[in-house]
Amino acid sequence: MNSLDWAVLIGYFGVMVAIGVWSHRRVADVADFFTAGGRMPWWLSGISHHMSGYSAVMFTGYAGIAYQYGVTSYVTWSFPIAVGIAIGARLFAGRLNRLRSRLGVASPLEYLKSRYDLRTQQALAWSGVLLKIVDVGAKWAAIATLLSVFTGISLDHGILVTGVVTGIYCTVGGLWADALTELGQFVIQLLAGGAMLVAVLGELGGASRLWTLWDRLPDGHTRPTAGPYTLAFLLAYLFIKTFEYSGGMWNQAQRYMATRNAREARRSALLSAALWLVWPAVLFFPMWAAPLLVTPGRPDASDAYALLTERLLPHGLLGLVVVGFFSHTMAMCSSDANAIAAVFTRDIAPAVSARARAWSRRAGLVAARLSTVCFLALSMAVATQVDSPAFKDIITVVIKWVAGLVGPVSIPFLLGLVPAFRRSGPTAALVSWAAGLGAFWLTNYGLAGVQLQVQIVAPVATSLVLFALLGLVRPEPSDARDALLARIDGDGEEDGTTRQAAVPSGS
């Protein structure tokens, strides 16, 4: 990188901070901070949902998979995400919106206290927060890895720079700042991804190489499944991502809650699904072609895309692509920070502190911002340990830890919205959660030689089966629970733009 590239990068950071400051004027209370007051347009929600779903891990860990195995990186990653979001558009998006528009909650988990009980709410909240600290730590490590390739600065300094800039705009502006910066980041990624595609095609001999390239690639590069990423892995990943990207990891749930009504939430989900179906294929093409152009220095080929960018792009465009790397990571990390702050402020703090239950409007907003800063700091600390023996590497954290642990957290949360599971009460929720965590430990650390697809699907499958089964053999009927589900599932569409006071978490 030269001075022009640095100017592009620094200018990008400046714009992100400016958006955060501008968004500050739209944030009057926790409802604005966490759900944009229910006033977010569906198209902005959809783009934000899409951008908050992936990070620089795509340009490191998944770039390595694309380099080694070819098109399976798309078939077993972004394609099942697109399908899963489309499924979730029908099952969950509208119901998640009604949590805000009909129940007046500001955190995705606030409804769990009424749906189950306080113990269940706290179990899901604490475990989900801890999982997200590890998940976001992997994202910081991924962007710092790229930054070290381009600039030579240490991983720790790269983590610090990106974390501080993200912390400024998402702490000041809340969900509005997240969504607006994600819109800008989406435009940047369109330009950067397009520039990279053109550069690679030019190096290979022109646009016709889109059709004639494939027989020049290493053997097996065009197989839809390859290596450890088998058909069983694909089906397992589809199963998991349907829950994760439909709101199970909370930040996506916030995007649906922020729209005006359930209909717009569904439109938001379908837009995100369409983007997941098309855009990653454009981004992946240079990674598929990379074996013809560069030789990576890392054993997992996670530096292949960065090396390709350095070789092919002129200064200025190189800076734009680096900005694109940052944009994805900052989008995901800021949205996760906002979601975790919502859960801590609205669900955890009121359960452990009488003072938190009596927070004023201003005090609640201050607590939201402080908890955002604390989450970012903890995840940045974890990022420095991603390559330690406990985590192994970036892609291990993302595929095994996140995919494996999302089920125990998301199954009681999302299926608790669906009337078909009305008989599953607190016992089913807690048992499915605990057993899912146990299955994760057993398949990853208790047993040797367990296949990757088994490691990632066992926890969510265990949680799902037990949640449904206990609802049948040990039902916990409740008139109050039925009434709650009726409100979430009702057919009438309200405008959803009228501000409602958030239901106090401690009440």
Minimum side-chain heavy-atom gap L308-M287 below 4.5 Å | no

Closest contact, heavy atoms only, V457 versus A236 | CB-CB, 3.6 Å

Side chain to side chain contact (heavy atoms under 4.5 Å, CB included) assessment of V129 paired with W250 = CA-CA 10 Å; V129 167; W250 307 343; 4.3 Å; yes

Taking it one step at a time, do L271 and I47 satisfy side chain to side chain contact (heavy atoms under 4.5 Å, CB included)?
-> CA-CA 7 Å; L271 173 59; I47 291 173; 4.3 Å; yes

Got a second to check how far I340's CD1 is from N251's CG, nearest 0.5 Å?
-> 8.5 Å

Verify the distance criterion only: is there a donor paired with an acceptor across the side chains of R255 and S45 at less than 3.5 Å?
-> no

Check against side chain to side chain contact (heavy atoms under 4.5 Å, CB included), F440 and T462 = CA-CA 10 Å; F440 170 79; T462 299; over 6 Å; no

Are Y62 and S78 side-chain neighbours, meaning at least one heavy-atom pair lies under 4.5 Å?
-> no

Hey, are the side chains of P228 and F233 touching, using non-hydrogen atoms and a 4.5 Å cut-off?
-> no

Min side-chain heavy-atom separation E110-D347 under 4.5 Å | yes

Rounded to the nearest 0.5 Å, what separation is found between the OG atom of S114 and the CG atom of L112?
-> 9.0 Å

Could you tell me whether the side chains of S463 and W433 share a donor-acceptor contact shorter than 3.5 Å?
-> no

Other residues, nucleotides, ligands: >12 heavy atoms within 6.0 Å of F344 CZ = no

S353: side chain to side chain contact (heavy atoms under 4.5 Å, CB included) partners, not counting sequence neighbours | R355, A356

Side chain of Q68, backbone of A301: donor and acceptor closer than 3.5 Å?
-> no

Check P296 against D303 and note the closest heavy-atom contact, atom names and distance.
-> CB-OD1, 3.2 Å

Donor-acceptor contact present, side-chain N97 to main-chain T259, <3.5 Å = yes

Reported OG-to-CD distance for the pair S127 and Q122, which is rounded to 0.5 angstrom | 10.5 Å

More than 12 heavy atoms from other groups under 6.0 Å of OH on Y69 = yes

P80 versus L234: any side-chain heavy-atom pair under 4.5 Å?
-> yes

Distance-minimising heavy-atom pair for T242 and G84 | OG1-CA, 3.3 Å

Is there side-chain contact between F243 and V409, with at least one heavy-atom pair below 4.5 Å?
-> no

Donor-acceptor contact present, side-chain Y74 to main-chain L277, <3.5 Å = yes

Atom OG of S268 and atom CG of L96: how far apart are they, to the nearest 0.5 Å?
-> 11.0 Å

I85 versus H49: any side-chain heavy-atom pair under 4.5 Å?
-> yes

Closest heavy-atom contact between G193 and L283?
-> CA-CD2, 3.9 Å

Would you please name every residue forming a ring pair (Phe, Tyr, Trp, His ring centres under 6.0 Å) with W276, sequence neighbours left out?
-> H50, Y54, W77, Y245

Go through the steps for D117 and R119 under the test salt bridge (charged side-chain N to carboxylate O under 4.0 Å, His left out), then give the verdict.
-> CA-CA 6 Å; D117 57 20; R119 292 180 307 156; 3.4 Å; yes

Hey, are the side chains of T76 and I65 touching, using non-hydrogen atoms and a 4.5 Å cut-off?
-> no

Would you please name every residue forming a ring pair (Phe, Tyr, Trp, His ring centres under 6.0 Å) with Y111, sequence neighbours left out?
-> none

What do the steps show when you test W359 against L365 for side chain to side chain contact (heavy atoms under 4.5 Å, CB included), and what is the final call?
-> CA-CA 9 Å; W359 274 336; L365 191 54; over 6 Å; no

d(W42 CH2, S272 OG) to nearest 0.5 Å is 11.5 Å

When rounded to the nearest 0.5 angstrom, what distance separates CZ in F413 from OG in S246?
-> 10.5 Å

Locate the shortest heavy-atom distance separating L376 from S379; write the atom from each residue and the value.
-> O-OG, 2.9 Å

Which heavy-atom pair separates G37 from R100 by the least distance, and what is that distance?
-> O-NH1, 4.5 Å

